[in-house]
**Student:** 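If you scroll down you'll find the structure; I have some questions about it.
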Amino acid sequence: MDEERTPMPVVGARATLIPWDREDSRPRAQPVARALGAGWWRTLEAGALIYILMISSGMFGFVDILAFGDLYTKQDSSQFARVLWPVAYLLFAGLTLAVWRDVLWIARRHGWILVFPLVVAASCLWSRDPMATFDGAIRIGMTTLIGIHLGTRFDLRELACAVFAVMLVAVGGSILVGLAGTSYALMGEDGSLRGLFHHKNTLGSRAALLFGTSIALLIAGWRPHLALLGLGLALVAAVMSHSATSVALAGLSVAVLPLAIVLRSRWSTLIYGLILLGAALSLIAFLIVFLRIDPVVEVLGALGRDLTFTGRILLWDAALDYIRARPLLGTGFDAFWSGRLDWRILLVLEELGNVLHFHNSLLEVGVQLGAIGLVAALLTVVGYGRAALMALRLRVDPLATWPTIYGAILLAVAMVEVEVFVQHKILHVLLVAVAIAASRQAMLHTAHATYATSPASGHGDLPPPVPHMEAAHAHLRP
């Protein structure tokens, strides 16, 4: 007769929000959570999540425009949001201290996330502007810590819904102020929409984020009417902003979706899908050669762009020259633009505006941190990709396609903007948070599957629980 087996608890049971004590493997109440109560504590964490998404998205750029006018043209940050970031530091420092065991466990298990911030901190030793690098190291460290906390305390569905809600408000509000004819909502001679943001490109990348998240939520069956609204608003914002980047990113989201779905299926389906993809790419290559088509010229022409990507190619050439000058260590994090600029960069900045970055995340890292920084950045990208594929293959959640879609958008944005491996950016915060959430849920899924076949072997070292899955987590403890 088979050994009697204790049934697995229902995932989604009411949360106690009380992390276990890892020293004796028993549930242990955190003092702050116990004082506030689970409901109030969870509300505080959810509010902190929304707050950080709002200030890191750049949706308060209109405050700077109203205060400084169009003389303030820097598109990569908001001065008003910078005032709000110290509040975020204090808030998340307190939240992290309340659950420090869980955050520490995650940080130790996902050490690749800490490599880039550590390299940034080490660059203070060789920086040509040590104070600027030290300030940047603190900011990128806190940004990473916030991402770790969010990935530890929220699952993929909660993160996706929060991103969707904030982007829906930001993009929808931008469209409304544009249609209302508000002066600060438009920029340039062609009247491109920037809405609540500093620049049309920022609005475009946020619209792409909304588009990709809406697709993932729609596929997962989450409130289809709202997901369709998000898709519609994202497309309208992409058209009104005249941002070629956002249009391309929206197309990339649609293109990646079939691959993500195939990766979730059985290996046989994956093999057939890869064969069909290879055949399709071969046919496209044959037609390009046979018809003598220059795909770069055709695509750029359709998007209304020239061969220099609006001056970006010139900026990239200058960046490569600087990397060759200091290939190993670079100038130090945040230390390049505070120094003397080359005449070529000054000419490009005169055309592009006071952007003060190379319009390419990897080139920015290469100039500031050299080969060491590039290795750290690539290690982070590989770690994220591994977590996203784990979530896909293990079918941990109906939203398991979202990390893959988001990863594709992230890489595409990194090629034309500096939105990753930089402080106070929503894309970098989500790079850390989504990777941890996907990895943690995949580990939980594996633990549950192991328990289902052999309860005695399902007591391995488990990740911190998703709050609404803590009952299931505690049940797996010996």
**Student:** Under the criterion side-chain contact (heavy atoms from CB on, under 4.5 Å), I'd like the reasoning laid out for Ile219 against Leu399: C-alpha separation, chi angles, the key distance, then a yes or no.
**Tutor:** CA-CA 8 Å; Ile219 295 299; Leu399 268 171; over 6 Å; no
**Student:** What's the shortest heavy-atom distance between Ala48 and Leu91, and which atoms?
**Tutor:** CB-CD2, 3.6 Å
**Student:** Does the side chain of Leu431 come within less than 4.5 Å of Thr380's, by heavy atoms?
**Tutor:**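 SC-SC contact between Thr380 and Leu431 confirmed.
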**Student:** Using a 4.5 Å cut-off on heavy atoms from C-beta on, say whether the side chain of Val422 contacts that of Glu364.
**Tutor:** no
**Student:** Is there a side-chain contact between Tyr406 and Val163, using heavy atoms and a 4.5 Å cut-off?
**Tutor:** no
**Student:** Are any side-chain N or O atoms of Thr202 and backbone N or O atoms of Phe197, one a donor and one an acceptor, separated by less than 3.5 Å?
**Tutor:**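 No: the side chain of Thr202 does not pair with the backbone of Phe197.
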**Student:** How far does CZ of Arg153 sit from CZ of Arg42, to the nearest 0.5 angstrom?
**Tutor:** 6.0 Å
**Student:** Could you tell me whether Lys425 and Glu417 have a side-chain N and a carboxylate O separated by less than 4.0 Å?
**Tutor:**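 Here Lys425 does not pair with Glu417 in a salt bridge, since their nearest N and O are not under 4.0 Å apart.
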**Student:** So does Phe92 have more than 12 non-hydrogen atoms from other groups sitting under 6.0 Å from CZ?
**Tutor:** yes
**Student:** For the CH2 atom of Trp316 and the CE atom of Met415, what is their distance to the nearest 0.5 Å?
**Tutor:** 8.5 Å
**Student:** Using modelled atom types and a 3.5 Å cut-off, is there a donor and acceptor pairing between side-chain atoms of His110 and backbone atoms of Ile106?
**Tutor:**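 Side chain of His110 to backbone of Ile106: a pair is present.
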**Student:** Shortest non-hydrogen contact from Ala160 to Thr213?
**Tutor:**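 Taking Ala160 first and Thr213 second, the nearest heavy atoms are O-CG2, 3.5 Å.
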**Student:** CG/Leu84 to OG/Ser56 distance, rounded to the nearest 0.5 angstrom?
**Tutor:**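 Those atoms lie 11.5 Å apart.
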**Student:** To the nearest 0.5 angstrom, please state how far the CG atom of Leu411 sits from the CG atom of Leu362.
**Tutor:** 8.5 Å
**Student:** For Gly230 and Leu168, work out which heavy atoms get closest and say how close.
**Tutor:**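 Of all heavy-atom pairs spanning Gly230 and Leu168, the closest is CA-CD1, 3.8 Å.
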**Student:** For Gly221 and Pro224, work out which heavy atoms get closest and say how close.
**Tutor:** O-CD, 4.1 Å
**Student:** So, do Lys200 and Leu193 sit near enough that their side-chain heavy atoms are less than 4.5 Å apart?
**Tutor:**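 The answer is no, as the side chains (C-beta and beyond) never meet within the 4.5 Å cut-off.
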**Student:** Are Tyr322 and Phe336, when compared by the centres of their aromatic rings, separated by less than 6.0 Å?
**Tutor:** yes
**Student:** Taking all non-hydrogen atoms of both residues into account, name the closest pair between Ile323 and Gly366 and its distance.
**Tutor:** CG1-C, 3.7 Å
**Student:** Measure from the ring center of Trp112 to the ring center of Tyr384 and say whether it is less than 6.0 Å.
**Tutor:** no
**Student:** Starting from the C-alpha separation in whole Å, work towards a yes-or-no answer on side-chain contact (heavy atoms from CB on, under 4.5 Å) for Ile146 and Val432.
**Tutor:** CA-CA 9 Å; Ile146 290 171; Val432 177; over 6 Å; no
**Student:** Identify the two heavy atoms, one from Asp155 and one from Glu158, that lie closest to each other, and give their separation to 0.1 Å.
**Tutor:** OD1-N, 2.8 Å
**Student:** Is the side chain of Arg206 donor-acceptor paired with the backbone N or O of Ala170 at a distance under 3.5 Å, no angle test?
**Tutor:** no
**Student:** Does Val99 form a side-chain contact (heavy atoms from CB on, under 4.5 Å) with Leu95? I'd like the steps, not just the answer.
**Tutor:** CA-CA 7 Å; Val99 290; Leu95 292 175; 5.9 Å; no
**Student:** Just verifying a value: how many Å separate Arg440 CZ and Phe154 CZ, rounded to the nearest 0.5 Å?
**Tutor:** 10.0 Å
**Student:** Hey, are Thr143 and His428 close enough side-chain-wise for a donor-acceptor pair under 3.5 Å?
**Tutor:**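 Note: His428 and Thr143 side chains miss the donor-acceptor criterion.
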**Student:** Got Phe116 and Ile140 here, is their nearest side-chain heavy-atom distance under 4.5 Å?
**Tutor:**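 Result yes, sub-4.5 Å side-chain heavy-atom pair found.
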**Student:** Side-chain contact, heavy-atom cut-off 4.5 Å: Arg194 with Ser241?
**Tutor:**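 A side-chain contact under 4.5 Å is absent here.
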**Student:** Would you call Met167 and Ile426 a side-chain contact if the rule is heavy atoms closer than 4.5 Å?
**Tutor:** yes
**Student:** Is the gap between the ring centers of His424 and Trp85 under 6.0 Å?
**Tutor:** yes
**Student:** Indicate yes or no: at least one non-hydrogen side-chain atom of Phe421 is less than 4.5 angstrom from one of Leu369.
**Tutor:** no
**Student:** Before you tell me yes or no, could you show the steps for Asp334 and Gln368 under side-chain contact (heavy atoms from CB on, under 4.5 Å), namely the whole-Å CA-CA distance, both residues' side-chain angles and the distance that decides it to 0.1 Å?
**Tutor:** CA-CA 7 Å; Asp334 266 1; Gln368 296 183 4; 4.3 Å; yes
**Student:** Under 3.5 Å, is there a donor-acceptor pair between the side chain of Thr182 and the main chain of Tyr184?
**Tutor:** no
**Student:** For the OG1 atom of Thr404 and the CD1 atom of Ile409, what is their distance to the nearest 0.5 Å?
**Tutor:** 11.0 Å
**Student:** Quick check against the 3.5 Å criterion: does Ser57 have a side-chain atom that pairs as donor or acceptor with the backbone of Met54?
**Tutor:**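 Yes; at least one donor-acceptor contact below 3.5 Å.
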